Amino acid sequence: MGYVKWYGHAAFEVKIDDKIVFIDPWIKNPKSPIQNIENLPKADLIVVTHDHGDHLGEAVDIAKKSGCPIVATYELANTLQQKGVNGIGANIGGPIKAAGLIIILTPATHSSTTGVPTGVVIKGKETTIYHAGDTGIFATMELLGKMYDIEIAILPIGGHFTMGPYEAAWATKIINPKVVIPMHYQTFPVISGSPEEFEKFLKELNVPTKLVVLKPGEKYEF
Ligand code: NI
Ligand code: MN
């Protein structure tokens, strides 16, 4: 049994194949129930989708505390290496094996200071999870859904910097996962998209995917 646990914003703790993976661990975000990384379980792996502060978060400190590597784009991994952690440099579309899982960085239509922005597909024996990172919608999402048989999609719905509820509903339609979990909304007033609007658009577009809305600190078990 595994789970997807939300810490607010884009920060997730995933347990898959008995491995603990943190994605975009900005644990000290204003909505997070945990403000001290000492209260987190030991990580086996961290994935950072891009170097914006709301995604890089406390990744370096968590990696040092847990003694685990951080997967990121090649350029970002190099800068993390200089901060004394094991950065595994990958790039978009290239599957790597880390912590016994298959990790694939995916495209993201966004920006970043170092390297390029990404999302990530995490493929284990138990399930396949897609965390889209910060992104607008792009047609290749449909292919990712088919190629990797994505079961759980974690999508930004806040708008302004990323997809809003309407775009995220279309993204869900083309990815066609079993479950969709919204993220990256209402952390700040400017990213105002709501799960209620998202649900309304999913219904309007006849999307069969199950919507799972988590509160910060809650987990979805699979
Ligand atoms: Ni960003
Ligand atoms: Mn962001």
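Whatever order the structure lists them in is the order used to number ligands and atoms, beginning at 1. Computed from a predicted model, the values in this text were never measured in an experiment.
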Check your understanding: Taking the Ni ion (ligand 1) as the vertex, how big is the angle to OD2 in D134 and NE2 in H110, rounded to 10°?
Key ->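 Vertex the Ni ion (ligand 1), arms to OD2 of D134 and NE2 of H110: 90°.
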Study note, to complete from the structure: Note: A10 and D24 closest approach over all heavy atoms is O-CB, 3.5 Å
Practice item. Indicate yes or no for a side-chain donor-acceptor contact from D44 to the backbone of V21 under 3.5 Å, with no hydrogens or angles considered. Key: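 No, the answer is negative, given that no donor and acceptor are paired below the 3.5 Å cut-off.
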Exercise for review: Would you name the N/O/S atom of D134 that lies closest to the Mn ion (ligand 2)?
Suggested key: OD2
Point to revise | the Mn ion (ligand 2) - closest N/O/S atom in D54 | key: OD2
Point to revise | H52 near the Mn ion (ligand 2) via N/O/S, less than 2.8 Å | key: no
Practice item. Examine H55 and say whether one of its N/O/S atoms is closer to the Mn ion (ligand 2) than 2.8 Å. Key: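 Yes, since at least one N, O or S atom of H55 sits under 2.8 Å from the Mn ion (ligand 2).
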Exercise for review: Flag H55 as yes if one of its N/O/S atoms falls below 2.8 Å of the Ni ion (ligand 1), otherwise no.
Suggested key: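 Under 2.8 Å: H55 has no N, O or S contact with the Ni ion (ligand 1).
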Review point. Is the closest side-chain heavy-atom distance between E204 and F201 below 4.5 Å?
Key: yes
Practice item. Identify, by name, the N, O or S atom of H52 lying closest to the Ni ion (ligand 1). Key: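 When I compare the N, O and S atoms of H52, ND1 is nearest to the Ni ion (ligand 1).
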Point to revise | Aromatic ring proximity, centroids under 6.0 angstrom, H110 and F138 | key: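 No: the rings miss the under 6.0 Å criterion.
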**Study point:** Residue of the set W26, Y185, F22, Y220 for which ring-ring contact (aromatic ring centres under 6.0 Å, His included) holds with W6
**Key:** Y185
**Study point:** CA sep, side-chain torsions, deciding dist, call: E196, K200, salt bridge (charged side-chain N to carboxylate O under 4.0 Å, His left out)
**Key:** CA-CA 6 Å; E196 292 77 19; K200 182 186 74 136; over 6 Å; no
